[in-house]
Amino acid sequence: MPPISEEDFPKIDAAMKRIVDAKLPFARRLASKDEALEFYRNEPYKTELIQDLADGTISLYTQGDFTDLCRGPHVPHTGFVKAVKIMKTSGAYWRADAKNAQLTRIYGTAFFDKKELSAYLNFLEEAKKRDHRKLGAAMDLFSFHDEAPGMPFFHAKGMAVWNALLDYWRLEHRRAGYVETKTPVMLNRTLWERSGHWENYRENMYTSVIEDVQTAIKPMNCPGGMLLYAMGHHSYKDLPIRAGEIGLVHRHELSGVLNGLFRVRAFHQDDAHIFMTPEQIRPEILGVLRLVDRIYSTFGLTFHLELSTRPKKSIGSEAQWKDATEGLAGALSEYGKPYKINEGDGAFYGPKIDIHIKDAIGRTWQCGTVQLDMNLPERFDLGYIGADNARHRPVMIHRVIYGSIERFFGILTEHFAGRFPLWMAPVQAIVLAMNDELAAYAAEVRSDLEESGLRVDLDARSESIQKKVRDAQLSLVPLILTVGAKEKENGTLSVRTLDGKVRYGVSREAFLNTVLGHIARREIGQDIFP
RNA sequence: GCCCACGUAGCUCAGUCGGCAGAGCGCAUCCUUGGUAAGGAUGAGGUCAUCGGUUCGAUUCCGAUCGUGGGCUCCA
């Protein structure tokens, strides 16, 4: 039998409709394990499931001429099913284990009524319209090439957005007492053996041998950060040290998991390592949470927090874990936002707080994470001299806020559906020349505006003004500036925003005042002019 | 990595049951010189992803490879 493909979906949908229309009752029957095994003797997968069930009675549901093994409960008859649709198919491993056979899974979805189903289909449609891969290509932000799968190329316009993100990041981090560092991308094997990555993370690492020296391209920034801290001596008076790093890391992800900017093989982390005394855990974590809040709010992103505690397989003493976990929990309760606890979901080297943001269409994404690390300071024998003149082990946290900058870029593109806030828009304004005679003047206006720091394009093509407005509008440039004879005579601009409103006769001073203020405050509203 | 699908112009996509490759948009040139979502004409642009096989002949059929998409698995 050929595998089921999308061409079969209409047939399946039609068959489901017939079954629903027939209002077939679901009959529940209890069977013993032996009876059930006998009933399904020709079905190896059912047999395996039944064998794993506890002894006792097993429930079977019959509907028409089909009987299924199911714990239930079921609705009384098939007529209760109101809105179903077959969505897609894929390969799926039996019992979710890659070592097992791969079966074809058919995905369907069901709702209480047709309205909810169509709302869901609209949501999918909306998500598709916002797809950052589509917008990224259309807006000339980034691309992928066969020569480096999973490693994005950022174009000039994409870099404008990128730099806006990083300028803002650096500003907030300076204000929060961070310094910025940079460590190499390629480091010797000995370092990775010491950090434990060689043992635990090697299959994801790109390696190379040059002049008999084995090196690896870093999949994480921490080991390099350890070397920086380990230089010289540190006094308790120097702590905490907050060292940020926009680090470029490479991870060999399986080819099948690559997905636009969301899952890549080369990306930048907005990393930071904070080295501190145990007493500083709580205030430092609190500081990170406040920074996270501040930064996400700037993008209009709400978020929730999850605390993950000690897993079964882990290192460190009970007392260390207690202190660390209480430090995180204490900071969380002082911060005051409710949080969820994931028991046993922490990293093997320490507990962590994950931050999940919610975008404009309600999807959640884990971006930020704050992890306490009781492993690396040990492995790298880090120390500081305490007030008692003795050497102590610092506590360390790793934290990211954007997470992967590439991924965050993608999330923001979809969050804003390409309509970036003015401060991060790839092109902030475009000057349209009313006709050919005004092309030179329009070019002047453009360079004047560029001198004020704006990112400005020029459209002086011999096209109708309607055409140029349409193109600018479709390319999502927030400020569309038209200069004609009147504007030239009066030194004014006509300003069109993406909502289609046009203000005529705006003086350049008034324009720059409004726009530069809006940018400096990093406002996210599209209503730039009152 | 695994399953399924896909890969034709810069973009979106037709098409060829095996016989000289198509449209719209974009681009170039010319005409038009306009007041806020598409003015007109002409033209250039293709190794039909790559490699191999079958065939008189392959963009089309077959195989492999690479890449992309949807999933699975993975995700310190």
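Scope of the values below: all heavy atoms of this structure, side chains included, with no hydrogens, waters or symmetry mates. By convention in this document, chain letters (A, B, ...) are assigned in the order of the sequence lines, proteins followed by strands, and residues within each chain are numbered from 1.
Residue A:E463 is classed as a base contact, given a heavy-atom separation below 4.0 Å to a base. Residue-level contact check: A:G260 touches the backbone only, with heavy atoms under 4.0 Å from sugar-phosphate atoms and none from bases. In this structure, A:A485 reaches the bases: a heavy-atom distance under 4.0 Å links it to at least one base atom across the strands shown. Within 4.0 Å (heavy atoms only), A:R407 reaches no atom of the nucleic acid at all. Within the 4.0 angstrom heavy-atom criterion, base atoms lie near A:H197. A:Q466 comes within contact range of the sugar-phosphate backbone alone, with a heavy-atom separation under 4.0 Å but no base atom that close. Looking at heavy-atom distances under 4.0 Å, A:D471 makes no contact with the nucleic acid at all. Note on A:F144: nothing from the nucleic acid sits closer than 4.0 angstrom, heavy atoms only. No engagement by A:T369 is indicated, since no non-hydrogen atom pair under 4.0 Å with the nucleic acid exists.
Among the nucleotides B:U32, B:A37, B:A76, the one closest to the side chain of A:D436 is B:U32. For A:N200, the listed nucleotide lying nearest its side chain is B:A76; candidates were B:G35, B:G39, B:A76. Closest contact between the side chain of A:V469 and the listed nucleotides B:A37, B:G34, B:G67 involves B:A37. Listed candidates were B:G1, B:G70, B:A38. Nearest to the side chain of A:K467 is B:A38. For A:V257, the side-chain atoms get nearest to B:C74 when compared with the rest of B:C74, B:G39, B:G35. Of the candidate nucleotides B:A76, B:G35, B:A37, B:A76 has the atom nearest to the side chain of A:Y201. Picking from B:G67, B:G35, B:U33 the nucleotide with the shortest atom distance to the side chain of A:K486 gives B:G35. Of the candidate nucleotides B:A76, B:G39, B:G69, B:G69 has the atom lying nearest to any side-chain atom of A:R133.
Within the structure, every side-chain polar atom (N or O) of A:S464 is placed at least 4.0 Å from both OP1 and OP2 of B:G34. At B:G35, none of the side-chain N or O atoms of A:T482 fall inside 4.0 Å of OP1 or OP2 (strictly under the cut-off). Checking the phosphate oxygens (OP1, OP2) of B:C27, a side-chain nitrogen or oxygen of A:R461 falls inside 4.0 Å. Distances shorter than 4.0 Å separate none of the side-chain N or O atoms of A:N259 from OP1 or OP2 on B:U68.
B:C51 and B:A58 have their P atoms separated by 14 Å, with the value rounded to a whole Å. Rounded to whole Å, the P atom of B:U29 lies 47 Å from the corresponding atom of B:G63. Rounded to whole Å, the separation between the P atoms of B:C27 and B:U68 comes to 29 Å. Between B:A41 and B:U32, the two C1' atoms lie 11 Å apart (nearest whole Å). Separating the P atom of B:C48 from that of B:A5 is a span of 24 Å, rounded to the nearest Å. Across B:A9 and B:U42, the matching P atoms stand 24 Å from one another, rounded to whole Å. Rounded to a whole angstrom, the distance from the C1' atom of B:C11 to that of B:G18 is 30 Å. Taking atom C1' in both B:C13 and B:C30, one finds a spacing of 30 Å when rounded to whole Å.
In this structure, B:A41 forms a base pair with B:U29, meeting either the Watson-Crick or the G-U wobble geometry with both donor-acceptor distances under 3.5 Å. With a 3.5 Å ceiling on both atom-pair distances, B:C75 lacks any Watson-Crick or G-U wobble partner. Nucleotide B:G18 forms no Watson-Crick or G-U wobble pair with any nucleotide shown, as no partner meets the under 3.5 Å limit on both distances. The partner of B:C61 is B:G53, by the rule that a Watson-Crick or G-U pair needs both atom distances under 3.5 Å. Pair assignment for B:C11: B:G24, on the basis of Watson-Crick or G-U wobble contacts that are both within less than 3.5 Å. If you check B:G35 for Watson-Crick or wobble pairing at under 3.5 angstrom, you find it has no partner at all. The partner of B:G69 is B:C4, judged by Watson-Crick or G-U wobble contacts that both fall below 3.5 Å. Using Watson-Crick or G-U wobble geometry with both donor-acceptor distances under 3.5 Å, B:C48 finds no partner in any strand shown.
Using the six-membered ring where Trp is involved, A:H173 and A:W169 have ring planes that are parallel, under 30° apart on the 30 and 60° scheme. Relative orientation of the A:H356 and A:H304 rings is parallel, given thresholds of 30° and 60° on the angle between their planes.
In this structure, A:Q473 contributes its side chain and A:L498 its backbone to a donor-acceptor pair below 3.5 Å. Not a single donor-acceptor pair under 3.5 Å links the side chain of A:Q428 to the backbone N or O of A:A425. When atom types are taken as modelled, the side chain of A:R133 and the backbone of A:L261 share no donor-acceptor pair closer than 3.5 angstrom.
Rounded to whole Å, the distance from CE on A:M434 to P on B:G39 is 14 Å. Distance, A:D459 CG to B:A38 C1': 13 Å, rounded to whole Å. Following rounding to the nearest Å, A:L258 (CG) and B:G70 (C1') show an atom-to-atom distance of 14 Å. Regarding A:R202, its CZ atom lies at a distance of 19 Å from the P atom of B:C75, rounded to whole Å. Rounded to whole Å, the distance from CZ on A:R263 to P on B:U68 is 14 Å. Summarising the geometry, the separation between CG on A:D146 and P on B:G69 is reported as 11 Å, rounded to the nearest angstrom. Atom P of nucleotide B:C3 and atom CG of A:L254 are separated by 13 Å, given to the nearest angstrom. A:R310 has its CZ atom 17 Å from the C1' atom of B:A76, to the nearest Å.
For A:R496 against B:A37, a side-chain-to-base donor-acceptor contact under 3.5 Å is present. With hydrogens and angles ignored, a donor-acceptor pair under 3.5 angstrom links the side chain of A:E487 to the base of B:G35.
For the pair A:L454/A:F511, a side-chain contact is recorded, criterion being any heavy-atom separation below 4.5 Å from C-beta on. At least one side-chain heavy atom of A:T497 sits under 4.5 Å from a side-chain heavy atom of A:R503.
Donor-acceptor pairing under 3.5 Å is lacking for the side chains of A:E487 and A:Y441. Side-chain contact, A:H252 with A:E203: no donor N or O sits under 3.5 Å from an acceptor N or O.
Nearest-nucleotide assignment on RNA chain B puts the 5′-proximal partner with A:N435, out of A:N435 and A:V502. Sequence order on RNA chain B of the closest nucleotides to A:G196 and A:H145 puts A:H145 first from the 5' end.
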### Message
Test side-chain contact (heavy atoms from CB on, under 4.5 Å) on A:D131 and A:E414; report intermediate values, then the result.
### Response
CA-CA 6 Å; A:D131 189 319; A:E414 302 203 358; 4.0 Å; yes
